[in-house]
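Atom set for the values below is all heavy atoms of this structure, side chains included, hydrogens, waters and symmetry mates excluded. Nothing fancy with the numbering, it's 1 onward along the sequence.
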Amino acid sequence: MNLTIRHYETEDLIAVLDSWEEATRLAHTFMTDEFIYQERQNVAQLYLPNTDTWVAQIDGVVVGFIALMGNEVGAIFLKPDCHGHGIGAALMNKARQLHGDLVVEVFKENTLGRNFYAKYGFEFVEETFHQPTSQTLLRLQYHTDL
């Protein structure tokens with residue numbers, strides 16, 4: 001497996017959206033098809049143009065991404081068949097290299113995401129309510145040991 005982490009390019013859009021949707025459907029079973037459809041458009045039109053996005057490639061094929069807003073992880077998604085191979089950690093390492101301490105929000109119901117963040121070393125900060133989905137969000141933080 002030849003893993004590369006590089007800056008997002010507009011040619012990566014479909015692969016990024018596909019990895020986002022596949023992972024979203026796996027981890028966020030509470031989301032409706034309508035919500036996912038709208039969010040897919042938002043990812044393309046609102047989020048990606050306004051974040052510092054990095055993609056993970058395996059043998060030249062984009063399999064996931066991380067989108068950063070300063071030190072906040074706005075999104076990190078991988079194609080489900082790529083979970084558990086260190087790719088998410090490699091993306092998070094890139095974010096840590098760029099920003100040091102990190103913060104992220106994850107849905108309480110997203111046990112896959114919560115387990116990933118806990119394994120990486122994120123700690124709970126606060127709980128909030130996400131009106132569009134009627135779900136609880138957890139805000140987590142990661143402190144880099146310098």
Side-chain angles (χ1 to χ4, degrees), residues 1-125 128 130-142 144:
M1 172 176 82
N2 182 19
L3 174 64
T4 304
I5 306 296
R6 64 163 176 78
H7 251 127
Y8 167 81
E9 298 171 1
T10 55
E11 298 80 28
D12 301 323
L13 179 61
I14 297 302
V16 164
L17 291 175
D18 288 349
S19 65
W20 173 85
E21 185 170 343
E22 289 177 34
T24 294
R25 289 187 182 279
L26 177 66
H28 304 122
T29 57
F30 54 87
M31 290 184 181
T32 65
D33 287 340
E34 295 80 16
F35 184 83
I36 290 173
Y37 173 78
Q38 183 59 54
E39 280 301 292
R40 185 177 169 113
Q41 291 180 352
N42 289 341
V43 169
Q45 298 168 8
L46 299 175
Y47 305 146
L48 291 175
N50 293 299
T51 58
D52 180 23
T53 302
W54 296 78
V55 297
Q57 280 185 308
I58 295 179
D59 300 326
V61 176
V62 174
V63 297
F65 71 101
I66 189 168
L68 305 169
M69 301 169 295
N71 75 325
E72 183 162 355
V73 178
I76 181 170
F77 290 91
L78 293 175
K79 289 189 169 281
D81 61 349
C82 294
H83 291 184
H85 299 285
I87 301 165
L91 286 167
M92 199 62 75
N93 290 345
K94 182 63 176 180
R96 192 176 70 187
Q97 174 192 358
L98 293 168
H99 298 286
D101 294 352
L102 302 170
V103 294
V104 69
E105 288 184 341
V106 61
F107 285 105
K108 190 173 187 176
E109 294 295 317
N110 178 357
T111 55
L112 290 172
R114 287 178 44 218
N115 289 339
F116 169 77
Y117 295 125
K119 184 177 176 183
Y120 197 84
F122 279 82
E123 297 175 344
F124 174 80
V125 176
T128 59
H130 185 252
Q131 189 72 34
T133 59
S134 299
Q135 295 291 315
T136 301
L137 274 174
L138 305 177
R139 188 161 182 83
L140 311 174
Q141 64 184 359
Y142 176 87
T144 301

Requested in this report: Determine, step by step, whether Gln57 and Ile5 satisfy the side chain to side chain contact (heavy atoms under 4.5 Å, CB included) criterion, reporting the C-alpha distance in whole Å, the side-chain angles of both residues, the deciding distance to 0.1 Å, and the verdict.
Outcome: CA-CA 6 Å; Gln57 280 185 308; Ile5 306 296; over 6 Å; no
Query raised in the report: Is there a salt bridge (Lys or Arg N to Asp or Glu O under 4.0 Å) between Glu21 and Lys79 once you walk through the steps?
Result: CA-CA 9 Å; Glu21 185 170 343; Lys79 289 189 169 281; over 6 Å; no
Requested in this report: Quick one: do Met31 and Glu109 satisfy side chain to side chain contact (heavy atoms under 4.5 Å, CB included)? Show the steps, please.
Outcome: CA-CA 11 Å; Met31 290 184 181; Glu109 294 295 317; over 6 Å; no
Query raised in the report: Going through the checks in order, is the side chain to side chain contact (heavy atoms under 4.5 Å, CB included) test met by Ile36 and Trp20?
Result: CA-CA 10 Å; Ile36 290 173; Trp20 173 85; 3.9 Å; yes
Query raised in the report: Under the side chain to side chain contact (heavy atoms under 4.5 Å, CB included) criterion, do Leu140 and Val125 qualify, and how do the steps go?
Result: CA-CA 5 Å; Leu140 311 174; Val125 176; 5.6 Å; no
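Screening Gln45, Arg40, Glu39 against Asn42 for a side-chain hydrogen bond (donor to acceptor under 3.5 Å, both in side chains) leaves a single residue, Glu39.
When all heavy atoms of Ile58 and Cys82 are compared, the pair lying nearest together is CD1-SG, 4.2 Å. Contact detail for His83 and Leu78: the closest heavy-atom pair is NE2-O, 3.2 Å. Nearest heavy-atom pair, Leu48 versus Val16, reported as atom, atom and distance to 0.1 Å: CD1-CG1, 4.0 Å. When all heavy atoms of Val62 and Asp12 are compared, the closest pair comes out as CG2-OD1, 3.7 Å. Nearest approach of Ala67 to Thr53, heavy atoms of both residues: CB-OG1, 3.6 Å. Of all heavy-atom pairs between Leu13 and Ala44, the closest is CD1-CB, 3.9 Å.
Side-chain atoms of Trp54 and Asp52 form a donor-acceptor pair, as typed in the model, at a separation below 3.5 Å.
A distance-only check finds a donor-acceptor pair linking the side chain of Arg114 to the backbone of Lys108 [under 3.5 Å]. Between the side chain of Asn115 and the backbone N or O of Thr111 there is at least one donor-acceptor pair closer than 3.5 Å.
Between Tyr120 and Phe122, the ring planes lie tilted relative to each other; the angle falls in the 30° to 60° range.
Ring pair Tyr142/Tyr117: centre-to-centre distance not below 6.0 Å.
Rounding to the nearest 0.5 angstrom, the gap separating the CD1 atom in Ile66 from the CD1 atom in Ile87 is 13.0 Å. Note that CG of Asp101 and CG of Asn71 are 7.0 Å apart. Values are rounded to the nearest 0.5 Å. To the nearest 0.5 Å, atom CZ of residue Arg139 and atom CD of residue Glu105 are 5.0 Å apart.
Applying the ring pair (Phe, Tyr, Trp, His ring centres under 6.0 Å) test to residues at least two apart or on different chains, none of the pairs has a partner in residues 32-52.
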